[in-house]
Amino acid sequence: MKEIIGFLLFIIALVLIFLMTIVNFFEVQNKKGYFRSTALNLDVWGNVEFRTFWNNHLVKDKIDYPFGIQGETISSVLGKNILINNLTNAGKVLVWILTEKHCIDAIKL
């Protein structure tokens, strides 16, 4: 029963995030960069929330520079793993899609 309630809460949360993002857009005065900011927040959240998947599939060694560090984007972690040659083939494909320059530029020093 708890799993069903958890799943329903998950669905409600997804619907609310979508609806409230749109509604809030019309409330804010400075709309420039609004959706980019939201995308960045989701990227940081995705780095932490999906860390097990990313670490299992995108990096060779989970110890060197793993996914899941709070406040960091997926691209930044990819960029750091580019520099230490720690990406799997799947990681390299994702870097190719995002571009190596983007991933390196995303590194927070």
Side-chain angles (χ1 to χ4, degrees):
M1 185 64 166
K2 286 184 180 182
E3 284 300 315
I4 293 171
I5 292 171
F7 180 73
L8 290 174
L9 288 172
F10 170 74
I11 297 300
I12 291 168
L14 285 178
V15 170
L16 282 175
I17 189 75
F18 176 75
L19 291 176
M20 289 308 300
T21 298
I22 302 302
V23 169
N24 194 51
F25 175 76
F26 293 105
E27 294 285 329
V28 298
Q29 290 183 358
N30 183 5
K31 293 174 178 23
K32 184 176 182 179
Y34 178 80
F35 290 108
R36 185 182 189 286
S37 173
T38 301
L40 182 62
N41 289 328
L42 289 171
D43 190 357
V44 170
W45 174 82
N47 174 41
V48 174
E49 186 66 21
F50 305 124
R51 64 190 173 273
T52 301
F53 180 84
W54 303 137
N55 285 322
N56 285 342
H57 298 283
L58 301 182
V59 293
K60 294 177 194 172
D61 186 345
K62 299 171 186 80
I63 304 299
D64 288 336
Y65 203 86
F67 287 87
I69 295 171
Q70 195 65 256
E72 189 163 21
T73 65
I74 294 166
S75 297
S76 175
V77 179
L78 288 169
K80 290 175 180 176
N81 280 287
I82 289 168
L83 297 178
I84 60 174
N85 195 30
N86 191 40
L87 292 173
T88 64
N89 286 335
K92 291 174 184 176
V93 168
L94 183 55
V95 166
W96 180 80
I97 292 168
L98 295 172
T99 76
E100 187 171 310
K101 180 182 182 336
H102 166 76
C103 294
I104 300 293
D105 289 348
I107 295 174
K108 291 183 178 183
L109 300 175

[atom1] of [X] to [atom2] of [Y]: how many Å apart, nearest 0.5 Å?
X     : Y     : atom1 : atom2 : result
Leu98 : Thr73 : CG    : OG1   : 9.5 Å
Ile17 : Ile22 : CD1   : CD1   : 10.5 Å
Thr21 : Tyr34 : OG1   : OH    : 5.0 Å
Arg51 : Ile74 : CZ    : CD1   : 12.5 Å
Leu58 : Leu78 : CG    : CG    : 6.0 Å
Asn24 : Phe26 : CG    : CZ    : 11.0 Å

Between the main-chain N or O of [Y] and the side-chain N or O of [X], is there a donor-acceptor pair closer than 3.5 Å?
X     : Y     : value
Asp43 : Ala39 : no
Asn86 : Val59 : no
Asn81 : Tyr65 : yes

Does atom [atom1] ([X]) have a neighbourhood of more than 12 heavy atoms from anything else shown, all under 6.0 Å?
X     : atom1 : value
Ile63 : CD1   : no
Lys31 : NZ    : yes
Glu49 : CD    : yes

Relative to each other, are the rings of Phe67 and Trp54 parallel, tilted or perpendicular (30° and 60° limits)?
tilted
Between His57 and Phe53, how do the two ring planes meet: parallel, tilted or perpendicular, split at 30° and 60°?
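If you compare the ring of His57 with that of Phe53, the planes turn out tilted.
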Nearest heavy-atom neighbours spanning [X] and [Y]:
X     : Y      : answer
Lys60 : Thr88  : N-CG2, 3.8 Å
Lys62 : Asn55  : CE-O, 3.5 Å
Glu72 : Asn47  : O-ND2, 2.9 Å
Val48 : Gly68  : CG2-O, 3.7 Å
Ser76 : Ala106 : CB-O, 3.3 Å

Decide whether [X] and [Y] are clustered together by the hydrophobic rule: side chain heavy atoms of Ile, Leu, Val, Met, Phe, Trp, Tyr closer than 4.5 Å, transitively.
X     : Y     : value
Trp45 : Phe35 : no
Phe50 : Val44 : no
Ile69 : Leu83 : yes
Ile11 : Leu8  : no
Ile84 : Val95 : yes

So, do Leu14 and Phe10 sit near enough that their side-chain heavy atoms are less than 4.5 Å apart?
yes
pair Ile82-Ile104: side-chain heavy atoms closer than 4.5 Å:
yes
